[in-house]
Amino acid sequence: MLKEIRPAIFVLLALTLITGLLYPLAMTAVAGLVFPAQAEGSLITRNGEVIGSALIGQEFKDDRYFHGRPSATSAADPNDATKTVAAPYNAANSAGSNLGPTSKALADRVKEDVDKLKAENPAQAVPVDLVTTSASGLDPDISPEAALFQVPRVAKARGISEDRVRALVASTTEGRLIGLLGEPRVNVLALNLALDAAKPQ
């Protein structure tokens, strides 16, 4: 019996070493050499300070900035470890909401968001990605329609023309990957940084 078990144990240890240690280390080294920025987390810096990642959304509340999708991520309640509190874009707890289409809480939250956005821009239909969360809760991108919907608010808050803000949206819009995959999108952090960098008129 030992004769049959010994090769099985050897194969188990060898595959554990190869697939659990050597392969991940090799892929990490290759990624660091070929795609150094992405391997470091696609970090975005300004004046030498890290201000975010191109892969993880951030919460912008100021009217001077474009807002991203709602986020359903949460964190432990500091006052009661058995409960959670809302923590938008919490990368340590990536998750979508468990609320389904029959949930009253979800319907009420979406209706409240839609009403607020309609008051902000009554002339346009509210884009769906401004009132729905992504599956991860960390989505850094919005659709070009969602960005254009916010142009009047941002232009008014900054005191610049809507045409200028639309031009910034157009310049930061990314197309489909190789012209086929995905949908056109706007990275909210990149757009807000472009806004901050825009020279006053």
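Between the His67 side chain and the Ala147 main chain, no donor and acceptor come within less than 3.5 Å of each other. Judged purely by atom type and a 3.5 angstrom limit, Arg153 uses its side chain to pair as donor or acceptor with the backbone of Asp63. Remark: the backbone N or O of Tyr89 is paired with a side-chain donor or acceptor of Thr73 at under 3.5 angstrom. No donor-acceptor pair under 3.5 Å is formed between the side chain of Asn47 and the backbone N or O of Glu49. Within the 3.5 Å criterion, the main-chain N or O of Ala190 finds no donor-acceptor partner in the side chain of Thr172. Distance alone, capped at 3.5 Å, is enough to place a donor-acceptor pair between the Arg109 side chain and the Val131 backbone. Looking only at distances, no side-chain donor or acceptor of Asn192 sits under 3.5 Å from a matching main-chain atom of Tyr65. Within the 3.5 Å criterion, the main-chain N or O of Ser143 finds no donor-acceptor partner in the side chain of Glu183.
Closest of all the heavy-atom pairs between Ala72 and Thr133 is N-CG2, 3.9 Å. Here the closest heavy-atom approach between residue Pro184 and residue Pro144 is recorded as O-CD, 3.3 Å. Taking all atoms of both residues into account, the shortest heavy-atom contact from Gln58 to Gly52 is NE2-CA, 3.2 Å. Minimum heavy-atom separation, Gly100 to Leu106: O-CD2, 3.4 Å. A pairwise comparison of heavy atoms in Ser134 and Gly137 identifies OG-N, 3.1 Å as the closest pair.
Between Arg46 and Asp196 there is a side-chain heavy-atom pair separated by less than 4.5 Å. Between Met27 and Pro24, the closest side-chain pair of non-hydrogen atoms is not below 4.5 Å. In this structure, the side chains of Ser71 and Glu59 stay at 4.5 Å or more apart for every pair of heavy atoms. Between Ile51 and Leu193 there is a side-chain heavy-atom pair separated by less than 4.5 Å. With contacts defined as side-chain heavy-atom distances shorter than 4.5 Å, the pair Glu162/Pro152 qualifies.
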Legend entry - Verdict with reasoning, Leu117 to Gln124, per side chain to side chain contact (heavy atoms under 4.5 Å, CB included): CA-CA 9 Å; Leu117 289 166; Gln124 298 291 322; over 6 Å; no

Inset, instruction - Check the pair Phe66, Val186 against side chain to side chain contact (heavy atoms under 4.5 Å, CB included), reporting the backbone distance first and the verdict last. - result: CA-CA 10 Å; Phe66 285 86; Val186 178; over 6 Å; no

Inset, instruction - Report the C-alpha separation of Val151 and Arg166 in whole Å, then their side-chain angles, then the decisive distance to 0.1 Å, and conclude whether the side chain to side chain contact (heavy atoms under 4.5 Å, CB included) test is met. - result: CA-CA 7 Å; Val151 164; Arg166 277 192 203 91; 4.0 Å; yes

Inset, instruction - Under the salt bridge (charged side-chain N to carboxylate O under 4.0 Å, His left out) rule, what do Glu112 and Lys116 come out as? Steps first, then yes or no, please. - result: CA-CA 6 Å; Glu112 183 182 323; Lys116 183 176 148 199; over 6 Å; no

Inset, instruction - Could you please spell out the steps behind the side chain to side chain contact (heavy atoms under 4.5 Å, CB included) verdict for Leu189 and Ile44? - result: CA-CA 9 Å; Leu189 179 57; Ile44 296 175; 3.6 Å; yes

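To the nearest 0.5 Å, atoms CG (Leu130) and CG (Asp113) are separated by 9.0 Å. Between atom CG of residue Leu191 and atom CD1 of residue Ile142 there is a gap of 7.0 Å, rounded to the nearest 0.5 Å.
No single ILVMFWY cluster, assembled from side-chain heavy atoms under 4.5 Å apart, contains both Phe10 and Ile18. Hydrophobic clustering (side-chain heavy atoms under 4.5 Å, transitive across Ile, Leu, Val, Met, Phe, Trp, Tyr) groups Ile160 together with Phe60.
A salt bridge does not link Asp139 with Arg185: every distance from a Lys NZ or Arg NE/NH1/NH2 to an Asp or Glu carboxylate oxygen is 4.0 Å or more.
Annotation: side-chain hydrogen bond (donor to acceptor under 3.5 Å, both in side chains) contacts of Lys111 (sequence neighbours excluded): Asp115. Partners of Asp141 by side-chain hydrogen bond (donor to acceptor under 3.5 Å, both in side chains), not counting sequence neighbours, listed by chain and number: Asn187.
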Only pairs under 3.5 Å count here: list side-chain donor-acceptor contacts from residues 29-42, not counting sequence neighbours, and write none if there are none.
none

